[in-house]
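One structure is given below, encoded as structure tokens.
Order of the sequence lines fixes the chain letters, A, B, ..., with proteins taken first and strands second; residue numbering starts at 1 for each chain.
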There are 2 protein chains.
Amino acid sequence: MIRVLLADDQQLIRAGLRMLCDAEPDLEVVGEAGNGREAITLAARLTPDVIVMDLRMPGVDGISATSRVLADRPATRVLVLTTFGDDDHLYPALNAGACGFLLKDAPPEELLDGIRRAAAGDSPFSRDVLRRLVNRATSAGAAPRRPVEGLTAREQDVLDLVGEGLSNTEIAERLHIGITTVKSHITALMTKTNSPNRVRLALVAHRGG
Amino acid sequence: MIRVLLADDQQLIRAGLRMLCDAEPDLEVVGEAGNGREAITLAARLTPDVIVMDLRMPGVDGISATSRVLADRPATRVLVLTTFGDDDHLYPALNAGACGFLLKDAPPEELLDGIRRAAAGDSPFSRDVLRRLVNRATSAGAAPRRPVEGLTAREQDVLDLVGEGLSNTEIAERLHIGITTVKSHITALMTKTNSPNRVRLALVAHRGG
DNA sequence: CGGCGTCTCCTCCCGGGGGAGGAGATACTG
DNA sequence: CAGTATCTCCTCCCCCGGGAGGAGACGCCG
């Protein structure tokens with residue numbers, strides 16, 4: 001059972017969302033908030049799995065509410081649901097920690113699917129939003145991260161993941177190799193890049209891209 | 001019925017994908033290509049709805065093949081399916097016109113769902129890939145990136161030095177405090193910034209300026 | 001063929017990182 | 001004054017990170 005908190009200032013929309021969720025056996029609406037402040041307090045009291053969050057709300061807005069909620073309970077999945085005109089707030093919302101971004105004119109199935117995927121750790125995005133995201137990424141990704149000279153392909157893989165802050169165990173899982181192998185590569189990387197510790201190595205990973 | 005073309009140089013993988021698709025009533029594998037050149041000719045002849053495309057292939061690679069196919073038939077949905085190490089090619093693949101990007105170690109349901117979503121005009125991405133995409137987009141976005149709210153002055157000092165790659169002992173010497181004090185501050189920093197390890201904390205230090 | 005590089009994995013060892021929990025000292029504020 | 005926040009430091013404890021040293025498998029190349 002996925003426990004859902006609805007946060008939207010328009011009562012009509014909340015009612016519609018509640019009806020939609022109530023018709024699904026695996027979704028349970030545990031509460032409704034009419035503004036950001038209510039969303040924060042209700043999130044703390046009800047500990048929902050997923051919060052469906054509008055951005056335009058009186059008083060505390062959705063982005064601030066998202067930050068506050070996640071500071072308190074980082075495991076909460078915040079799914080932003082807003083109108084098309086608000087997608088200027090896409091990046092602020094993502095920076096605040098929202099895991100997904102759906103538009104209100106999406107078909108109901110997409111919304112329900114989005115809630116389930118959010119609860120499962122996925123990141124649902126509406127098609128238009130995703131297109132914008134991809135555009136931003138590709139235009140920004142013109143610089144293809146030049147690799148540090150003198151490293152083997154595998155060492156580059158490991159270096160990238162160190163740079164993202166993964167532990168040795170996580171790297172091993174991601175690359176499907178043993179943890180001792182990861183350690184071997186990291187030892188090689190540290191001597192090659194002359195890094196005294198792991199954080200410096202991570203910095204090298206970012207200097208190279 | 002969704003008509004699918006498989007393009008991968010490893011015959012075993014093609015066989016697995018074909019079995020997977022054949023078990024689905026709405027998916028039909030209309031052909032298999034072992035390299036980029038084959039993919040181009042087969043795409044022109046068979047006019048599939050979706051092409052599942054590997055990137056590493058002998059001769060013509062997947063990215064070039066994607067460009068060529070889309071130049072001829074822009075309505076074709078190209079879904080890149082590749083291994084983790086290849087996600088350096090994420091942006092080139094998107095620029096070439098691929099509509100989605102899945103990893104080979106994804107569960108089978110994710111792949112099948114991805115093919116359906118690609119055919120429906122959606123853009124399926126594996127979770128890890130999407131995370132990278134979001135990171136790129138947010139870091140590229142003109143975000144306000146304040147100096148990490150909610151930290152005390154001393155915690156900021158420690159965070160800066162962690163970001164420079166200093167060890168706890170070095171930080172203690174630099175700030176003229178005990179090493180246990182440093183550890184206390186770092187513990188507070190990690191909980192406040194929700195960082196699972198030191199490298200992530202260092203990254204937070206840099207995201208904040 | 002024999003060397004070389006890379007990738008893989010192993011054992012042994014230990015110091016530092018990091019969590020849990022507490023405590024004393026300042027200083028600000030209602 | 002009492003309450004709160006911050007800075008400082010402590011102990012106990014565990015595990016991960018990292019060094020040393022070696023080894024088997026594969027592919028490339030002279």
Side-chain angles (χ1 to χ4, degrees), chain A residues 68 71-75 147-206, chain B residues 9-10 12 56-58 82-88 104-105 147-205:
Chain A
R68 294 281 301 277
D72 189 32
R73 301 185 51 84
V148 180
E149 289 285 329
L151 301 186
T152 70
R154 210 48 167 166
E155 284 166 354
Q156 269 293 342
D157 292 342
V158 174
L159 180 60
D160 284 347
L161 296 179
V162 170
E164 291 186 15
L166 301 196
S167 70
N168 287 345
T169 311
E170 290 169 328
I171 295 174
E173 286 171 356
R174 195 74 92 72
L175 297 179
H176 301 108
I177 58 180
I179 194 174
T180 59
T181 308
V182 175
K183 293 174 84 175
S184 298
H185 288 311
I186 286 187
T187 301
L189 282 168
M190 284 184 155
T191 57
K192 279 185 180 179
T193 64
N194 202 32
S195 303
N197 60 51
R198 173 173 278 246
V199 176
R200 291 284 185 86
L201 190 59
L203 295 183
V204 170
H206 280 73
Chain B
D9 59 330
Q10 298 179 56
L12 191 63
R56 287 192 194 173
M57 287 190 290
T82 188
T83 52
F84 168 75
D86 274 350
D87 69 347
D88 297 339
K104 280 185 179 171
D105 57 357
V148 187
E149 278 193 38
L151 299 187
T152 69
R154 211 50 167 165
E155 285 167 352
Q156 269 293 344
D157 294 341
V158 174
L159 181 58
D160 287 347
L161 297 179
V162 170
E164 291 182 18
L166 301 194
S167 69
N168 287 345
T169 312
E170 290 169 329
I171 295 174
E173 288 171 354
R174 193 75 86 77
L175 296 180
H176 302 103
I177 58 179
I179 195 174
T180 60
T181 308
V182 175
K183 293 174 81 174
S184 297
H185 287 311
I186 287 188
T187 300
L189 282 167
M190 285 183 156
T191 57
K192 279 185 179 178
T193 64
N194 201 32
S195 303
N197 60 53
R198 174 173 278 246
V199 176
R200 291 280 185 89
L201 191 58
L203 295 183
V204 170

Within the side chain of A/S184, is there an N or O that forms a donor-acceptor pair under 3.5 Å with the backbone of A/T180? yes
Which residue lies more 5' along DNA chain D, comparing B/I179 with B/K183 via nearest heavy atoms: B/I179
Side chain of A/S184 only, heavy atoms from C-beta on: which candidate in D/dC7, C/dC9, C/dG17 is closest? C/dC9
Would you indicate, yes or no, if D/dC7 has its OP1 or OP2 atom less than 4.0 angstrom from a side-chain nitrogen or oxygen of B/T181? no
Presence of B/H185 side-chain N/O under 4.0 Å of D/dT8 phosphate oxygens OP1/OP2: yes
B/R154 has its side chain closest, among D/dT6, D/dG18, D/dT8, to D/dT8
Interatomic distance, B/I177 CD1 vs D/dC9 C1' [rounded to whole Å]: 10 Å
Are A/S167 and D/dC16 close enough that a side-chain N or O sits under 4.0 Å from OP1 or OP2? no
Quickly work out the B/L189 CG to C/dG19 P distance and round it to whole Å. 11 Å
Please check this pair: side chain of B/N197 against backbone of A/G165, looking for a donor-acceptor N/O pair closer than 3.5 Å. yes
Send over the distance from B/L151 CG to D/dC7 C1', rounded to a whole Å. 15 Å
Please determine whether a side-chain nitrogen or oxygen atom of B/T180 lies at a distance below 4.0 Å from atom OP1 or OP2 of D/dC10. yes
Is any NZ, NE, NH1 or NH2 atom of the basic residue among A/E155 and A/K192 found under 4.0 Å from an Asp or Glu carboxylate oxygen of the other? yes
Which nucleotide sits closest to the side chain of B/N197: C/dC7, C/dG18, D/dT8? C/dG18
Any side-chain N or O of A/N168 under 4.0 Å from OP1/OP2 of D/dC16? no
With a 4.0 Å cut-off on heavy atoms, is A/T187 in touch with a base, just the backbone sugar-phosphate, or nothing at all? sugar-phosphate
Sole candidate of B/D157, B/V204, B/L189 that passes side chain to side chain contact (heavy atoms under 4.5 Å, CB included) when paired with B/L151: B/L189
